[in-house]
Amino acid sequence: MSWFLLVVIGLAAGTVGSLMGLGGGIIVVPALLSLNGVLSILNDVTPQVAAGTSLLIMIFTGISSTVAYAKQKTIDFKSGAIFSIGIIPGAICGVIINRTVNTDDFLLYFGIFMLVVAFTFFVRKYLKPMKLRPKGFKRTVMDPSGNEFTYGYQPVFAIVLSFFVGIISSLFGVGGGALMVPIMIILFGFPAHFAVATSMFVILVSAFIGSISHMAAGHVNWLYALALVPGAWFGGQLGAAINCRISSDRLIFILRIFMVIIAIRLIIQGLNG
């Protein structure tokens, strides 16, 4: 029964992660740490193991989602490649920092991080995308609902931001989508569907680099991974299918409510020890 629950967690993580472009780490990491001591198979799970195993799972969620979103033609591969330039070294640095964090502090910091990200979605209507300079990257696209969007950014600035996203990705085991999606939507003006799809492509890169670093440090539990991967794979496909059937505004509404709930739960758990 315990192993079946891990399969369900993987499915939930893959679905939510793919639907919202978050990668699924915000489900896997809190679940593994919250069930530590509740399920005998999860005894003594550390933040390091939770983060490392989560990133490994997100490789499969990322592949599954990227294939699905590529068919929908909502991935901006050029932007994904630019963001990855900063993500890769950041992911390696995040693993190094992760080694120094204990469980309660990890949950508290993770919860605060999620709350800050959720807040940005509540005030996004009052924020305007950054103005482009002549040498900036600019693109005009049409989302699945037929609405036209123009977005863009300065590549150097995007790479610097991506570096810090990479650090958070490996530090918390979330793949970076929880921060990359708001950055793309709020700062760069991406339509929500393109932000989510492109985020999953970037998460694939960051999860691959981050998980290798965690493997080298011995932070991956392979038995947990084997149970989580099947659900994560099918969840990635399911999330992408749901994504193309809902509007951008509704997608953002679901995203911010979900983040607030998870953030409050993590902060309370971290404070209570």
Side-chain angles (χ1 to χ4, degrees), residues 1-20 22-65 91-92 94-107 109-111 113-114 168-178 200 203-239 262 265-266 269-270 273:
M1 183 64 184
S2 297
W3 293 106
F4 175 73
L5 181 58
L6 285 183
V7 174
V8 174
I9 291 172
L11 179 63
T15 303
V16 172
S18 178
L19 170 63
M20 302 180 185
L22 306 181
I26 57 172
I27 299 290
V28 174
V29 174
L32 292 180
L33 293 174
S34 298
L35 295 173
N36 180 7
V38 178
L39 297 180
S40 59
I41 62 172
L42 295 179
N43 286 339
D44 302 320
V45 172
T46 65
Q48 290 75 26
V49 170
T53 304
S54 172
L55 284 174
L56 179 62
I57 304 310
M58 279 188 286
I59 292 177
F60 295 91
T61 304
I63 294 173
S64 178
S65 301
I92 297 172
V95 174
I96 297 172
I97 299 173
N98 177 278
R99 299 174 185 175
T100 65
V101 183
N102 66 48
T103 302
D104 293 338
D105 289 342
F106 181 88
L107 291 172
Y109 298 151
F110 194 2
F113 160 69
M114 293 293 293
I168 292 171
S169 165
S170 288
L171 175 61
F172 293 129
V174 295
M200 289 309 301
I203 282 172
L204 173 58
V205 176
S206 66
F208 181 75
I209 298 299
S211 62
I212 289 178
S213 300
H214 275 292
M215 286 179 206
H219 295 164
V220 175
N221 186 302
W222 294 97
L223 288 178
Y224 299 163
L226 286 173
L228 290 163
V229 163
W233 177 270
F234 289 107
Q237 297 283 319
L238 180 60
I262 293 293
R265 173 74 179 87
L266 290 171
Q269 189 173 347

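Small disclaimer: the values here were computed from a predicted structure and weren't measured.
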Asks: Atom CE in M58, atom OG in S206: separation rounded to 0.5 Å?
Replies: 7.0 Å
Asks: In the structure I gave you, are the side-chain heavy atoms of T61 and M200 within less than 4.5 Å of one another anywhere?
Replies: yes
Asks: If you take all heavy atoms of G235 and S18, which pair is closest and at what distance?
Replies: O-CB, 4.2 Å
Asks: Mind listing the closest non-hydrogen atom pair of H214 and G52 along with its distance?
Replies: CG-CA, 3.5 Å
Asks: Roughly how far, to the nearest 0.5 Å, is CG of L204 from CD1 of I209?
Replies: 10.0 Å
Asks: Taking all atoms of both residues into account, what is the closest heavy-atom pair of A232 and I57, and its distance?
Replies: CB-CG2, 3.4 Å
Asks: NE2 of H219 to CG of L56: how many Å apart, nearest 0.5 Å?
Replies: 14.0 Å
Asks: For residues L32 and S54, determine if any side-chain heavy atom of one lies less than 4.5 Å from a side-chain heavy atom of the other.
Replies: no
Asks: At their closest point, which heavy atom of G210 faces which heavy atom of V95, and how far apart are they?
Replies: O-CG2, 3.8 Å
Asks: Looking only at heavy atoms, which two atoms of W233 and F60 are closest? And how far apart?
Replies: CE3-O, 3.5 Å
Asks: Sequence neighbours left out, cut at 3.5 Å: what donor-acceptor pairs do the side chains of residues 220-230 make with other protein atoms?
Replies:
from, atom 1, to, atom 2, distance (Å)
N221, OD1, L223, N, 3.1
N221, OD1, Y224, N, 3.0
Y224, OH, I41, O, 2.4

